[in-house]
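For reference, the structure is listed below as structure tokens.
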Amino acid sequence: MNQKTCGPNAVARALISWLLVGVMTTLLPNSARAEIDCNLSNFDQTDPIKVFGSKKSSDGEFSYASDLDDVNGTLVARNYVKNESAAVGLSFRWEGTTLSHHPAKPLPPGEVACNEFPARNSTMQVDDSSPIYHGPNDTEQPASVYVWSNGSGVAEESSNSILKSSFINSEGKRETFEVSVSYAVSENIVKSIDIETSGNVVATLSAEKKFWSSSTIEDFLTNAASSGVEAGVSDAIKFADLSAEDSGAFYAAGSSVLFYLSGRAGGFGTGAKSYGSLNVRVAVFDLQRQPIAVGTVALPFTNAD
């Protein structure tokens, strides 16, 4: 758990990126930000109470929270990290949540990275050994997170997951992004799967095992192609130029193949047999495939092998 995912080159990139963030941050108009920024008022709507904390040091200034809420009968895990600094970007990796921001594209000052997804089989217990590693020195901040299952379970009739955050682009301007995933299942048959990303990023999906059948994969690719958006299947090692350490954070352990998308693939997978739902790692890259952030989404498990 205490292994670092940022090598010396990443530290150098982090220092350069932090300087760019502090000097060149450009905010979008409020009307453009409203739809994509994290809404922290959603947190702590039902029991159990959120676990939260904050940190202020030379390596970073941030607050964070982990929560479980009952949303229309579905238990939802909600985690966020807010960069409380007014001038310096924040890179971080929160053990136990998958939520992280790469040193090359740190979370801009004042911004929030948030992730929510169904929390199947949650024990409602808190894991107090889920530190947040942050800053150019990968400093450890003790933190807690609600325990949730990463294994397949009974598929919900409907499910929604989301990952939101922002980054500073190569021109020094702030860009927000969002990855949203939803699906509907009835009597163990998939009705539809919808995956959408902002147009300024590419998202990859990976898990410890192959979670889609060949027909679901084909339907995903056909749907994306008909919409004219970028999508495909790739060897993890070939998708982006990541170090071995970074690959361990951005791709699920044991995954050799991943799916990627920039744009929307909607209404695919109809008629596939669902064997439950699976928490899948979603990694976000800019259009030059530079790593930005990581989170979790839920998808139906349609692979019978």
Side-chain angles (χ1 to χ4, degrees), residues 1 36-55 62-84 92-101 107 111-134 141-165 178-185 194-195 205 207-208 211 249 252-253 274 276-284 293-301:
M1 176 173 289
I36 202 166
D37 282 356
C38 297
N39 181 8
L40 301 187
S41 66
N42 286 336
F43 276 72
D44 223 10
Q45 296 295 300
T46 66
D47 289 334
I49 191 170
K50 68 181 179 182
V51 291
F52 60 96
S54 61
K55 175 72 173 182
F62 60 94
S63 57
Y64 57 91
S66 177
D67 190 26
L68 291 175
D69 277 328
D70 186 326
V71 180
N72 298 322
T74 297
L75 198 62
V76 175
R78 288 174 163 149
N79 303 303
Y80 77 80
V81 173
K82 180 179 181 181
N83 184 0
E84 301 286 359
F92 67 88
R93 173 174 48 90
W94 191 352
E95 294 284 352
T97 71
T98 74
L99 187 59
S100 66
H101 243 277
L107 183 63
E111 301 301 318
V112 181
C114 59
N115 187 200
E116 63 179 65
F117 51 91
R120 299 179 316 280
N121 304 327
S122 174
T123 63
M124 295 279 191
Q125 299 298 308
V126 173
D127 180 0
D128 292 320
S129 300
S130 298
I132 300 174
Y133 297 96
H134 62 282
Q141 166 63 24
S144 302
V145 64
Y146 277 103
V147 177
W148 45 272
S149 169
N150 193 43
S152 57
V154 177
E156 303 88 356
E157 291 187 358
S158 63
S159 171
N160 295 281
S161 307
I162 197 163
L163 172 65
K164 295 183 179 184
S165 191
E178 177 178 323
V179 180
S180 60
V181 175
S182 63
Y183 66 84
V185 172
D194 292 85
I195 304 174
L205 301 166
E208 296 178 4
F211 53 90
S274 174
S277 55
L278 187 71
N279 287 338
V280 173
R281 188 166 305 192
V282 56
V284 179
V294 183
T296 296
V297 296
L299 282 165
F301 187 78

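Fair warning: this is a prediction, and the values are worked out from it, not measured in the lab. The first residue in the sequence is number 1, and the count goes up from there.
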Handout entry: Centroid-centroid under 6.0 Å between Phe43 and Tyr80 rings
Key = yes

Problem - For Asn79 against Leu99, the heavy-atom pair lying closest together - result: O-CD2, 4.0 Å

Exercise for the section: Examine distances only and state if a side-chain atom of Ser161 and a backbone atom of Ala298 form a donor-acceptor pair shorter than 3.5 Å. Expected result: yes

Practice task
Might you point out which heavy atoms bring Glu178 and Ile162 nearest each other, and give the distance in Å?
Solution key: OE2-CD1, 3.4 Å

Handout entry: Steps toward side chain to side chain contact (heavy atoms under 4.5 Å, CB included) verdict (Glu116, Cys114)
Key = CA-CA 7 Å; Glu116 63 179 65; Cys114 59; over 6 Å; no

Exercise for the section: Heavy atoms only: give me the nearest Val51-Ser144 pair and the separation to one decimal. Expected result: CG2-O, 3.8 Å

Exercise for the section: State which residue, out of Leu107, Val112, Ile132, fulfils the side-chain contact (heavy atoms from CB on, under 4.5 Å) condition with Phe62. Expected result: Ile132

Handout entry: Minimal non-hydrogen separation, Glu95 against Ser130, with atom names
Key = O-CB, 3.1 Å

Completion exercise
Residues Leu278 and Ala207: closest non-hydrogen pair is CD2-CB, 3.8 Å

Problem - Over 12 non-hydrogen atoms of neighbours within 6.0 angstrom of NZ in Lys82 - result: no

Exercise for the section: With sequence neighbours left out, write down each residue that passes side-chain contact (heavy atoms from CB on, under 4.5 Å) with Ser100, or none if nothing qualifies. Expected result: Arg93, Val294

Exercise for the section: Decide yes or no on side chain to side chain contact (heavy atoms under 4.5 Å, CB included) for His101 and Glu111, but give the supporting numbers first. Expected result: CA-CA 12 Å; His101 243 277; Glu111 301 301 318; over 6 Å; no

Practice task
Kindly assign one of parallel, tilted or perpendicular to the pair Trp94 and Tyr64, based on the angle between their ring planes and the thresholds 30° and 60°.
Solution key: perpendicular

Problem - With Asp44 via side-chain contact (heavy atoms from CB on, under 4.5 Å) - residues at least two apart - result: Ile49, Lys50, Asp67

Problem - Euclidean distance, Cys38 SG relative to Lys164 NZ, rounded to 0.5 Å - result: 6.5 Å

Exercise for the section: Measure the shortest side-chain to side-chain distance between Asn115 and Thr97 over non-hydrogen atoms and say whether it is less than 4.5 angstrom. Expected result: no

Problem - Any residue meeting side-chain contact (heavy atoms from CB on, under 4.5 Å) with Pro142, in chain and number order, not counting sequence neighbours - result: none

Problem - Separation between OG1 of Thr98 and CZ of Phe117, rounded to the nearest 0.5 Å - result: 6.0 Å

Exercise for the section: Kindly indicate whether the side chain of Ser274, heavy atoms from C-beta on, has any atom under 4.5 Å from the side chain of Tyr183. Expected result: no

Problem - Backbone of Thr46 reached by a side-chain donor or acceptor of Asp69 within 3.5 Å - result: yes

Problem - pair Val71-Arg78: side-chain heavy atoms closer than 4.5 Å - result: yes

Exercise for the section: Flag the pair Ile195 / Leu205 as yes when at least one side-chain heavy-atom distance between them is below 4.5 Å, and no otherwise. Expected result: yes

Exercise for the section: Determine the minimum heavy-atom distance between Leu68 and Ala77, stating which atoms define it. Expected result: CD2-CA, 3.8 Å

